[in-house]
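In what follows, residues are counted from 1 in the order of the sequence shown. Whatever order the structure lists them in is the order used to number ligands and atoms, beginning at 1.
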Amino acid sequence: MLNLVLFGPPGAGKGTQSAHLIEKYQLVHLSTGDILRSEVAAQTALGLEAKKLMDAGTLVPDAVVIGMISSKIDANPKAKGFIFDGFPRTIAQAEALDTLLQQKETAISMMLALEVDNEELTKRLLLRGKDSGRPDDSNEEIIKNRINEYNTKTAPLKSYYTGQGKFSAVPGIGSIETIFASLANAIDAITV
Ligand code: ADP
């Protein structure tokens with residue numbers, strides 16, 4: 001199986017690149033942000049609870065997202081591999097993911113990081129907020145909180161995966177096609 005973790009701050013372009021990667025490598029896309037937003041839209045108990053945190057740009061509890069990912073993995077027994085987008089976001093989530101995949105006799109193949117500076121991120125998120133209507137994209141304070149959550153809780157995952165020899169970084173600035181080509185090169189380097 002090819003199991004990829006896409007890594008990068010909010011606005012780095014993980015969703016855009018995932019769409020291209022799933023097509024090329026025939027992977028199942030698991031985005032915790034998308035799953036949470038569908039729970040919010042369906043007004044489930046989980047969605048109502050998560051909404052407050054998401055609107056403030058704060059991470060939802062580990063146990064919630066780990067449970068969601070676990071059931072999505074189980075729901076796709078024939079998958080050739082997965083792209084994890086927006087997950088794991090904490091060390092606890094990364095450890096839980098390793099355990100879940102181990103139970104399926106598979107593992108993370110690599111973590112692909114999209115590198116984009118803070119100034120460019122804020123610009124992209126505010127622009128996205130204008131047409132997406134996402135409450136967490138429309139306010140600079142909330143964006144700052146998300147970037148701060150990323151720097152304190154998520155950035156340490158770089159060393160986690162470096163320690164496992166699985167970390168690879170590509171520049172997240174440039175055209176969508178150029179960035180995609182860099183990602184594909186990094187993947188092909190480990191699969192051929
Ligand atoms: P972004 O576009 O900022 O990368 P996402 O769409 O992935 O964000 O997620 C939006 C919000 O959903 C996050 O700010 C957070 O509140 C919540 N969320 C998504 N994934 C996770 C996760 N793995 N752990 C905790 N919270 C999460």
Inset, instruction - Please confirm whether Asp136 comes within less than 3.5 Å of ligand 1 when only nitrogen or oxygen atoms on both sides are compared. - result: no
Legend entry - Which of the ligand 1 atoms, numbered from 1, are nearer than 4.0 Å to a heavy atom of Lys14: 4 (O)
Inset, instruction - Determine, for Lys104 against Asp74, whether the closest basic-nitrogen to carboxylate-oxygen distance falls under 4.0 angstrom. - result: yes
Legend entry - Which atom of Gln26 lies closest to which atom of Lys80, heavy atoms considered: O-CB, 3.7 Å
Inset, instruction - Among all protein heavy atoms, pick the one closest to atom 26 (N) of ligand 1 and tell me residue, atom and distance. - result: Val60 N, 3.0 Å
Inset, instruction - Using a strict 4.0 Å threshold on nitrogen-to-oxygen distance, state whether Arg124 and Glu120 make a salt bridge. - result: yes
Legend entry - Ligand-side contact atoms (ligand 1) for residue partner Thr58, heavy atom cut-off under 4.0 Å: 15 (C), 16 (O)
Inset, instruction - Taking all heavy atoms of Ala79 and all of Val28, pick out the closest pair and write down the distance. - result: CB-CG2, 3.7 Å
Inset, instruction - Please determine if Gly11 has a nitrogen or oxygen closer than 3.5 Å to a nitrogen or oxygen of ligand 1. - result: no
Legend entry - Contact atoms of ligand 1, heavy-atom distance to Gly86 under 4.0 Å: 20 (N), 21 (C), 22 (C), 23 (N)
Inset, instruction - Decide whether the shortest distance between a heavy atom of Glu149 and an atom of ligand 1 is less than 4.0 Å. - result: no
Inset, instruction - From atom 13 (C) of ligand 1, work out which of Gln93, Arg89, Arg146, Arg134 has a heavy atom at the shortest distance. - result: Arg89
Inset, instruction - Could you tell me which non-hydrogen atom of Leu59 sits nearest to which non-hydrogen atom of Glu149, and how far apart they are? - result: N-OE2, 2.8 Å
Legend entry - Distance-only N or O hit between ligand 1 and Asp34, under 3.5 Å: no
Legend entry - Nearest protein heavy atom with distance in Å, relative to atom 17 (C) of ligand 1: Leu36 CD1, 3.5 Å
Inset, instruction - For the residue pair Thr122 and Ile147, establish whether any side-chain heavy-atom pair is separated by less than 4.5 Å. - result: yes
Legend entry - Heavy-atom gap Arg128 to ligand 1 smaller than 4.0 Å: yes
Inset, instruction - Please say whether Gly57 places an N or O atom under 3.5 Å from an N or O atom belonging to ligand 1. - result: no
Legend entry - Side-chain donor or acceptor of Arg89 paired with backbone N/O of Lys153 under 3.5 Å: no
Inset, instruction - Answer yes or no: are there more than 12 heavy-atom neighbours, outside Glu140 itself, under 6.0 Å from its atom CD? - result: no
